[in-house]
Amino acid sequence: QLQLVESGGGLVQPGGSLRLSCAALGFNLDYNNIGWFRQAPGKEREGVSCISSGGGRTSYADSVKGRFTISSVNAKNSVYLQMNSLKPEDTFVYYCAAAPNPLLSPCVLRADEYDYWGQGTPVTVSS
């Protein structure tokens, strides 16, 4: 069974950092584009960052550029999102998602491009 499992969310003060993890179970992340998305209740899911299969290309939403970093560790079959200088407006449930990428296309920050989703991990930035 194909599954993505996020972890690492929590409560952090403004200016603080968190590292989110996304582990793949039942399939190899190497052949997938991986995206991080976030969503507030009643709102649309928005793209945060993505990394193309093989880890060569990344993309970030303007709102997180310079603060968030996406990376992958093939040996652990996991993708990470390092979030620094967090702001209250970064408060969301964060999801990772995978899109099989047989054509080696660059990743995109569109939720409808992704086939597999994790259950989400909540991040709250508050003093």
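It should be emphasised that the depicted structure is a prediction, and the values quoted were computed from it without experimental measurement.
Every pair passing disulfide bond (SG atoms under 2.5 Å apart) that includes a residue from residues 53-99 is listed here, sequence neighbours excluded: C22-C96. Residue pairs meeting the side chain to side chain donor-acceptor pair (under 3.5 Å) criterion with at least one member in residues 7-17, sequence neighbours excluded, are S17-N84. For residues 42-59, the set of pairs meeting the salt bridge (charged side-chain N to carboxylate O under 4.0 Å, His left out) definition, not counting sequence neighbours, comprises R38-E46. Each disulfide bond (SG atoms under 2.5 Å apart) pair with one or both residues in residues 97-127, not counting sequence neighbours, appears once here: C50-C107.
When the side chains of ILVMFWY residues are joined at heavy-atom separations under 4.5 Å, either directly or via intervening members, Y95 and L86 end up in two distinct hydrophobic clusters.
No side-chain heavy atom of Y60 sits under 4.5 Å from any side-chain heavy atom of L109. At a threshold of 4.5 Å between non-hydrogen side-chain atoms, the residues V12 and T124 do not count as touching. Between T58 and S52, every side-chain heavy-atom pair lies at or beyond the 4.5 Å cut-off. You'll find the side chain of P88 reaches within 4.5 Å of the side chain of P14, heavy atoms only. At least one side-chain heavy atom of I70 sits under 4.5 Å from a side-chain heavy atom of V79. Side-chain contact between L81 and F68 is present, with at least one heavy-atom pair separated by less than 4.5 Å. Taking 4.5 Å as the limit, every side-chain heavy atom of S71 sits out of range of all side-chain heavy atoms of I51.
Expressed to the nearest 0.5 Å, how far CD1 of I34 lies from OG of S72 amounts to 9.0 Å.
Side-chain atoms of Q39 do not come within 3.5 Å of backbone N or O of Y94 as any donor-acceptor pair. For the pair S78 (side chain) and K76 (backbone), a donor-acceptor distance under 3.5 Å is present. Within the 3.5 Å criterion, the main-chain N or O of A99 finds no donor-acceptor partner in the side chain of N33.
Between V123 and M83, the shortest heavy-atom distance links the atoms CG2-CE, 3.9 Å. T91 approaches V125 most closely through the heavy-atom pair OG1-N, 2.9 Å. Of all heavy-atom pairs spanning D115 and P100, the tightest one is OD2-CD, 3.1 Å.
Taking 4.0 Å as the cut-off between side-chain N and carboxylate O, D90 and K87 do not count as a salt-bridged pair.
A search for ring-ring contact (aromatic ring centres under 6.0 Å, His included) contacts involving F37 returns Y114, W117, not counting sequence neighbours. Taking the side chain to side chain contact (heavy atoms under 4.5 Å, CB included) definition, one finds that R19 meets it with Y80, Q82, sequence neighbours left out. In terms of the side chain to side chain donor-acceptor pair (under 3.5 Å) criterion, Q3 has no residue partners (sequence neighbours excluded). In this structure, the side chain to side chain contact (heavy atoms under 4.5 Å, CB included) partners of F27, at least two apart in sequence or on a different chain, are L2, L4, A24, L29, N32, A98. Checked against side chain to side chain contact (heavy atoms under 4.5 Å, CB included), D112 has the following partners two or more places apart in sequence or in another chain: R110. Under the side chain to side chain contact (heavy atoms under 4.5 Å, CB included) criterion, S105 pairs with N101, L103, sequence neighbours left out.
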- request: Walk me through it: do S53 and D30 pass the test side-chain contact (heavy atoms from CB on, under 4.5 Å)?
  value: CA-CA 5 Å; S53 56; D30 288 351; over 6 Å; no
